[in-house]
Amino acid sequence: QVQLVESGGGLVQPGGSLRLSCAVSGSIFSISVMRWYRQVPGKERELVAAIASGGTTNYVDAVKGRFTISRDNAKNTVYLQMNSLKPEDTAVYYCKLTHPSSRREYWGQGTQVTVSS
């Protein structure tokens with residue numbers, strides 16, 4: 001059974017930083033693409049960043065140069081380092097694992113990030 005648990009959200013002032021973590025149970029983490037999404041009320045969930053099993057990364061334009069996605073396969077954990085945070089980054093952040101063969105998607109429960117003074 002694959003389970004994802006996010007942590008690290010909170011309240012931060014504009015310009016501040018947070019690091020989100022997503023711990024994954026199961027043995028497929030190291031061969032799976034991992035993604036971070038975010039969602040605000042009334043809007044669709046938005047892809048923020050992705051990291052392939054080999055470490056290749058991609059970002060939405062709105063976070064390029066400010067956010068960094070990384071992974072630690074020994075700890076079955078993916079991270080999202082968020083710097084220079086803006087109020088428009090406020091959202092619930094979710095991580096997602098896509099099974100490499102079945103393509104089934106697994107989601108975490110989400111963690112709230114609020115950027116406000």
Donor-acceptor contact present, side-chain Asn76 to main-chain Val24, <3.5 Å: yes

Look at the side chain of Tyr59 and the backbone N and O of Ile69, then say whether any donor-acceptor pair between them is shorter than 3.5 Å. yes

With a 4.5 Å cut-off on side-chain heavy-atom distances among I, L, V, M, F, W and Y, is there a chain of contacts connecting Tyr37 to Met82? no

Taking all atoms of both residues into account, what is the closest heavy-atom pair of Ser21 and Thr77, and its distance? CB-CG2, 4.2 Å

Can you give me the closest heavy-atom contact between Leu47 and Val60, atom names plus distance? O-CB, 3.6 Å

Tell me whether Val63 is reachable from Leu20 by hopping between hydrophobic residues (I, L, V, M, F, W, Y) whose side-chain heavy atoms are closer than 4.5 Å. yes

Under a 3.5 Å distance rule, please check whether Thr111 uses its side chain to pair with a backbone N or O of Ser7 as donor and acceptor. no

Whether over 12 other heavy atoms sit under 6.0 Å from Glu44 CD: no

Transitive ILVMFWY side-chain link Ile51 to Tyr93, under 4.5 Å: yes

Identify the two heavy atoms, one from Ala62 and one from Arg38, that lie closest to each other, and give their separation to 0.1 Å. CB-NH2, 4.1 Å

Answer yes or no: is there a donor N or O on one side and an acceptor on the other, between the side chain of Arg71 and the main chain of Val33, under 3.5 Å? no

Side-chain heavy atoms nearer than 4.5 Å, only ILVMFWY residues, links allowed to pass through others: does that put Tyr106 and Tyr79 together? no

Given 3.5 Å as the limit, does a donor-acceptor pair link the side chain of Glu6 with the main chain of Gly110, or not? yes

Whether Ser32 side chain and Ile28 backbone form a donor-acceptor pair below 3.5 Å: yes

Between Leu4 and Leu80, is there shared hydrophobic-cluster membership here, with clusters defined by ILVMFWY side-chain heavy atoms closer than 4.5 Å? yes

Is there a ring pair (Phe, Tyr, Trp, His ring centres under 6.0 Å) between Phe67 and Trp36 once you walk through the steps? CA-CA 11 Å; Phe67 290 11; Trp36 284 99; 10.0 Å; no

Which is it for Ser17 and Val12 under the side chain to side chain contact (heavy atoms under 4.5 Å, CB included) test, yes or no, and what are the steps along the way? CA-CA 7 Å; Ser17 297; Val12 63; over 6 Å; no

Taking all non-hydrogen atoms of both residues, which atom of Gln1 and which atom of Ser25 are closest, and how far apart? O-OG, 3.5 Å

Taking every non-hydrogen atom, the tightest pair across Val78 and Ser70: CG2-O, 3.1 Å

Would you please test Lys86 and Asp89 for salt bridge (Lys or Arg N to Asp or Glu O under 4.0 Å) and show each step? CA-CA 5 Å; Lys86 305 175 181 181; Asp89 295 317; over 6 Å; no

Which atom names give the shortest non-hydrogen contact between Cys22 and Met34, and what distance separates them? SG-CE, 4.4 Å

Please collect all salt bridge (Lys or Arg N to Asp or Glu O under 4.0 Å) contacts where either partner lies in residues 98-117, sequence neighbours excluded, each pair once. Lys96-Glu105

Mind running side chain to side chain contact (heavy atoms under 4.5 Å, CB included) on Asn73 and Phe29 for me, showing each step along the way? CA-CA 7 Å; Asn73 288 339; Phe29 175 82; 3.1 Å; yes

